[in-house]
Every structure is written in structure tokens, then in C-alpha cells.
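Take a look at the structure set out below.
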Amino acid sequence: MKFQLPKGRYLVSGGAGFIGSHLSEVLIENGCEVVVVDNFITGRPQNIKSLLGRRSFSLVEQDLVSPLKISGQLAGIFHLASPASPVDYAKFPIETLHVGAIGSDNILKLAQEKDCPILVASTSEVYGDPLQHPQQETYWGNVNPIGPRGCYDESKRYMEALTMAYRRVHHVRTRIARIFNTYGPRMRPDDGRVVPNFCKQALANEPVTVFGDGMQTRSFCFVDDLVGGLVQLMGSDHAEPINLGNPQEMTINQFAEKIIRFCKSQSKIQYLPLPQDDPKTRCPDITLAKSILHWEPRVDLDLGLEKTVEYFRTH
Ligand code: NAD
Ligand code: UDP
């Protein structure tokens, strides 16, 4: 992937995670230096194995909740650190709230100190169980603050508010990406999200676990497309949140059937209870990303799934 991004040294928080490791790779491919800050709470050293030892790459193993000391100049900061899967943030609710609040404050301060732009990774979960469909950036959402997803949703909503406050008070050059369901190689097989679960189950010819009646909808963006959107957004000066995702919506039943076919699997669907507050519909309106960033997903779901299934087959 080739980009027009100012060369220089970028900090990627959460760079040992699924999306962060792909982003770090792309930055290095484009002649940039990368400093990853990660505490490996949900990330894995193997995700950045190919980068370790390169002169343009360095790793700071640290919890973002502790004060950050990074020497030298930075051309920009991508703030991706946070547990992201519903299973992970249910396991680490306090850590999730702390990284969204204290971690985000530490890294926004760093952007202020280094006088560099910062992109924060927010989420479609700020819309909660949405009453508007598809979701536009102007929608304020329908979030249950005290439910099991509240730790994640509210940490990201707080992070957005804090980001806008740093922009208004300290004139930090901020960007907010609202990321919708993203998939691809390097998702942790045990992260509990629907893509790894279905791929693993179908490849093992085990029951594919659909939660609820499977009529809830999602749309899936391949990680290469998403990384392209993040880089484009960093290069823009758009201050308001912007949706990044794939608008090709389907029900979870349709997705389960697709994965079973794709894996040429003997698996049958097994219906299990729907987790509390699981959003019934989700689909990004990406009009803004198209017009402002000239960005839209290009990777067809079949092609993305081929690469992803191959990854789970070999890992
Ligand atoms: P991931 O869990 O694979 O990566 C997150 C990384 O952040 C991990 O490497 C983890 O160890 C690190 N981290 C977490 N807390 C930290 C802390 N306190 N200090 C330092 N490092 C910390 O998740 P992902 O899917 O790659 O998601 C990356 C970002 O994108 C997250 O902020 C997430 O909320 C956002 N996002 C992802 C999706 C998606 O579909 N993958 C959708 C919406 C938003
Ligand atoms: N899901 C499912 N079976 C699974 C895992 C997830 O049916 O084994 C459903 C889940 O209930 C949700 C959708 O798939 O409706 C997407 O779940 P995921 O955890 O990937 O992310 P979410 O979009 O909920 O944040």
C-alpha cells in the first residue's frame, strides 16, 4: 500500500494488536519510522515479529495509563490502545475504562508536547444499539452506560469528548475515526469476536455458534481497507468524528452460512442466547469518508475472507 503521508516518526499505541500491527507495517513500508507502545493486554508479540529488529521500528512495552516519556520528535500519533472485543473488555472492564480515560489523556498530552497530529481510534459502539440506520456521524447514539458493554462504549465516548477538549483548549490537531467491525489475519483466535469464532468452528467442523436468532446485522471491513482509511484521515485536517467501515450489511445468519460454505465445512449452526445489549443493527454511512477522504473499502468480502480463513487454517 502506497501513501502520501509526511515521512517521519509515528507513535502507534496498541501497535502489537490486530489493527495496530497492520498499520505499523504499512507505515514502515512507506518509509516512516514507528514506535509502538503496548502492554500486550490483548496484543501479541508475534504480531510485530516481522518488525522487531528493524532499524525503523522500536517497541516500548508500557501501560499507557502510566505517564509516557518518549524522546525525540514525532510526525504523528495513532492512538489504538484499548481492548476491543466484547469478550476482552468484559474480562478487563476497569482496564478498558482506564485506557480510554487516563491512557487517552496521557497520549493527548504527548501530542500537545510534541506538537504533532493525533488520530484516536473510536468505534461504532458509541452509537450503542442504534435507533438510526445506517449510522451517520451526527447521530448521538443509544448506549446503556451500566450494561456489560458500557465499559467500552463510555470509555470511547469519554475519549472523543477529551479529544475535542484538547483541540478546543490546547489546539491539538486531532482526528477521530469511528471504526466499524474490521476483520483479517492476526485477529486472536480466542478473542471471541464473530470472525475468529466462526472461522475456527467451521474449519474444525464444529457447531457454528450464532447468538440470538441471528437476525442482527453487521458489516465487515477488511483490515487493509481500514488501515488505508486511518492513514488518509491522519493526512486530512478533519476534526469531527468520521465513520470508517464497509457498508455491505448482512445478518449474522447469512454470515455464518457464508463462512461454512467458504470453509467447505460440515458444521451446523447452533443457536445460543444473545448477550445483553448486543446491537440489533449496525451499518456505517460512509458518505463523509467518501467526500472528505476520497476513501471507500475496495476489498471484496470473498477476497478478504479467503485471506482470513487461510490465516486461521495455518495458525
Ligand atoms: P486489539 O486488542 O487487537 O489491539 C489493541 C492493542 O492495544 C493490544 O495490542 C493491546 O495489548 C493494547 N493495549 C490495550 N490497553 C493498553 C494499555 N493500557 N497500554 C498499552 N497498550 C494497550 O484490538 P484491535 O481490534 O486491533 O483494535 C484496535 C483499536 O481499534 C481499539 O482502540 C479498538 O477500540 C478500535 N476498534 C476496533 C474495531 C475492530 O473491529 N477491530 C472496531 C472498532 C474500533
Ligand atoms: N456473534 C455470534 N456468535 C459468536 C460471536 C459473535 O453470533 O460466536 C454475534 C454477536 O452476538 C454480534 C455479532 O456476532 O451480534 C458481532 O459480534 P462481535 O463480537 O464480532 O462484535 P460486535 O459487533 O458485537 O462488537
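Note that these values count all heavy atoms, side chains included, but never hydrogens, waters or copies made by symmetry. Every number for a ligand or one of its atoms is a count from 1 in the order of the listing.
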Below 4.0 Å from any atom of ligand 1, is there a heavy atom belonging to [X]?
X    : value
K156 : yes
G103 : no
R178 : no

What is the closest protein heavy atom to [atom], and at what distance does it sit?
atom                    : value
atom 44 (C) of ligand 1 : S122 O, 3.4 Å
atom 5 (C) of ligand 1  : S82 O, 3.3 Å
atom 26 (O) of ligand 1 : I19 N, 2.8 Å
atom 16 (C) of ligand 1 : N39 OD1, 3.3 Å
atom 13 (C) of ligand 2 : I252 CD1, 3.7 Å
atom 3 (O) of ligand 1  : F18 N, 2.8 Å
atom 25 (O) of ligand 2 : R149 NH2, 3.1 Å
atom 34 (O) of ligand 1 : Y152 OH, 2.6 Å
atom 18 (N) of ligand 1 : D63 OD1, 2.8 Å
atom 2 (O) of ligand 1  : T42 OG1, 2.6 Å
atom 1 (N) of ligand 2  : F211 CD1, 3.5 Å

Could an N or O of ligand 2 be found under 3.5 Å from any N or O of [X], whether backbone or side chain?
X    : result
R282 : yes
R218 : yes
P279 : no

Find all atoms of ligand 2 within a distance of less than 4.0 Å from any non-hydrogen atom belonging to [X], and give their numbers and elements.
X    : result
G192 : 5 (C)
N197 : 4 (C), 5 (C), 8 (O)
V210 : 7 (O)
N181 : 21 (O), 22 (P), 23 (O)

Counting only heavy atoms, tell me which of [options] gets closest to [atom].
atom                    : options             : result
atom 4 (O) of ligand 1  : G17, S104, P45      : G17
atom 14 (O) of ligand 2 : V87, D278, V194     : V194
atom 9 (O) of ligand 1  : V60, I48, I41, D38  : D38
atom 31 (C) of ligand 1 : N47, T182, L80      : L80
atom 23 (O) of ligand 1 : G100, A81, S21, A84 : A84

Electrostatic pair [X]:[Y] at N-O distance under 4.0 angstrom:
X    : Y    : value
D153 : R157 : no
D302 : K258 : yes
D237 : R173 : no
R178 : E125 : no
D278 : R218 : yes

Can T42 and R188 be said to form a side chain to side chain contact (heavy atoms under 4.5 Å, CB included), step by step?
CA-CA 8 Å; T42 56; R188 254 184 27 247; 3.6 Å; yes
Between F78 and Y10, what is the ring plane arrangement, given parallel below 30°, perpendicular above 60°, and tilted in between?
tilted
Under a 4.0 Å heavy-atom limit, does R193 contact ligand 1 with its side chain, its backbone, both, or neither?
side chain
Under 4.0 Å from ligand 1, counting heavy atoms only, is it the side chain of L64, its backbone, both or neither?
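For L64, backbone and side-chain atoms both sit under 4.0 Å from ligand 1.
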Side chains of S56 and E33 only: does a donor on one sit below 3.5 Å from an acceptor on the other?
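No.
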Does even one non-hydrogen atom of P86 get within less than 4.0 Å of ligand 2?
yes
Compute the minimum heavy-atom distance from F255 to ligand 2 and say whether it is under 4.0 Å.
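Flag not set, F255 not near ligand 2.
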